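The structure under discussion appears below in the form of structure tokens.
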Amino acid sequence: MGAIQTKVASHPYYPLGVTIPGYAPNEAPVPVLLAALGGMLSFALLGASAVALRVNPNLTRSNLALLCWFVLNGCLHCFFEGYFVLNHGTIASSQNVLAQLWKEYALSDSRYLTSDFFMLCIESITAFVWGPLCFANAISIVRGSPSRYALRIIMCMAHLYGVALYYSTTLCETYFTGRSHSRPEFLYFWVYMVGFNLPWAIIPAILLYDSARTVTKAVDALDKMDITLGARHRRQNGRKGATEPKKTK
């Protein structure tokens, strides 16, 4: 009985008794891990901003902020979440910085340490599809490409759908089965699981609204232009017909 209790208590993850083979506690404290992640992301954002301003010196502050948002997403999706997809079986025992970050976050969702099929599927799509599309969004902003609004709408819908799936699967399982993958402390449920994912519900919703409004205005202006040009073309044809001399037999 004591051996069973020791086995159950060998890791801090929920639900109680979940199997996490090879688990090894993190060696680095949380502030160090967060500082490492923040440093890597800051370097990427500063570098991307410098390159973008060199390529397009007329880039506005709002577009620069959008660029940073999509570069941030591209880095997180391709590298951080991509690391999870490629190494999900060894994260629990690894002391790599990214592995330790995942072990810390898994206190709010242990599915990341159990090779959960849903997490593997959604994170694979995120890493290999949405990540590159985020970088495509950033490039389209720098180039001022008309396709930037279409790409932005696609990514906003993807992020909103992903967050909805993530929250709903977690909360539904807790409600219907009583099994929670998050520790009950405020930090892990409300800060880690809810708070860390909330920006991917709020910001995409704002960008989606703005992009839809911009596209709607552009299509409306194009439709009005088509009507104006069509009316002018018909008037010109009418004048031309009126000024042509009638042929006599």
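None of the values given here were measured: they were computed from a predicted structure.
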Do you know which two heavy atoms are closest between Phe79 and Leu98, and how far apart they sit?
-> O-CD1, 4.2 Å
Does any donor atom in the side chain of Arg148 or Ser211 lie under 3.5 Å from an acceptor atom in the other side chain?
-> no
Among side-chain atoms of Asn63 and Thr60, is any donor-acceptor pair under 3.5 angstrom?
-> yes
Give a yes or no on whether the backbone of Thr90 and the side-chain of Asn87 come within a donor-acceptor separation of less than 3.5 Å.
-> no
Verify, without hydrogens or angle tests, whether Glu81 (side chain) and Cys75 (backbone) share a donor-acceptor contact under 3.5 angstrom.
-> no
Would you say Ser182 and Leu107 make side-chain contact, with heavy atoms under 4.5 Å?
-> no
With a 4.5 Å heavy-atom cut-off, do His88 and Tyr112 have their side chains touching?
-> no
Main-chain N/O of Leu207 paired with Arg152 side-chain donor or acceptor, under 3.5 Å | no
Minimum-distance pair of heavy atoms, taken over all atoms of Ile141 and Leu59 | O-CD1, 3.8 Å
Close side-chain approach of Phe118 to Ile122, heavy-atom, < 4.5 Å | yes
Under 3.5 Å donor-acceptor, His159 side chain and Ala205 backbone | no
Nearest heavy-atom neighbours spanning Cys68 and Leu45 = O-CD2, 3.3 Å
Say whether, by atom type as modelled, one donor and one acceptor occur between the side chain of Lys103 and the main chain of Ala24 under 3.5 angstrom.
-> yes
For Asp109 and His181, indicate whether the former's side chain and the latter's backbone hold a donor-acceptor pair under 3.5 Å.
-> no
In terms of hydrophobic clusters joined by side-chain contacts under 4.5 Å, are Met40 and Tyr105 together?
-> yes
Using the benzene-type ring in the case of Trp, are the ring centres of Phe70 and Phe135 under 6.0 Å apart?
-> no
Are the side chains of Thr170 and Arg111 in touch, meaning some heavy atoms are under 4.5 Å apart?
-> yes
Taking all heavy atoms of Leu67 and all of Ser49, pick out the closest pair and write down the distance.
-> CD2-CA, 4.2 Å
Taking a hydrophobic cluster as the set of Ile, Leu, Val, Met, Phe, Trp and Tyr residues connected by side-chain heavy atoms closer than 4.5 Å, whether directly or through intermediates, do Met119 and Phe196 fall within one such cluster?
-> yes
Charged N to carboxylate O below 4.0 Å: is that the case for Asp210 and Arg213?
-> yes
Exercise: do Thr126 and His77 side chains pair donor with acceptor under 3.5 Å = no
Are Leu151 and Tyr149 grouped together when hydrophobic residues (ILVMFWY) are joined by side-chain heavy atoms under 4.5 angstrom apart?
-> no
Any donor-acceptor pair under 3.5 Å linking the side chain of Ser110 with the backbone of Tyr14?
-> yes
Would you confirm whether the ring centroid of Trp102 sits within less than 6.0 angstrom of the ring centroid of Phe80?
-> yes
Aromatic contact, Tyr13 with Tyr23 (centres under 6.0 Å) = yes
Test item: Glu104 side-chain N/O and Val30 main-chain N/O as donor-acceptor pair under 3.5 Å | no
Ignoring hydrogens and geometry, is there a side-chain-to-backbone donor-acceptor pair from Glu173 to Gly178 under 3.5 Å?
-> no
Examine the side chains of Asn197 and Tyr192 and answer whether a donor and an acceptor come within less than 3.5 Å of each other.
-> no
Any donor-acceptor pair under 3.5 Å from Asn73 side chain to Cys134 backbone = no
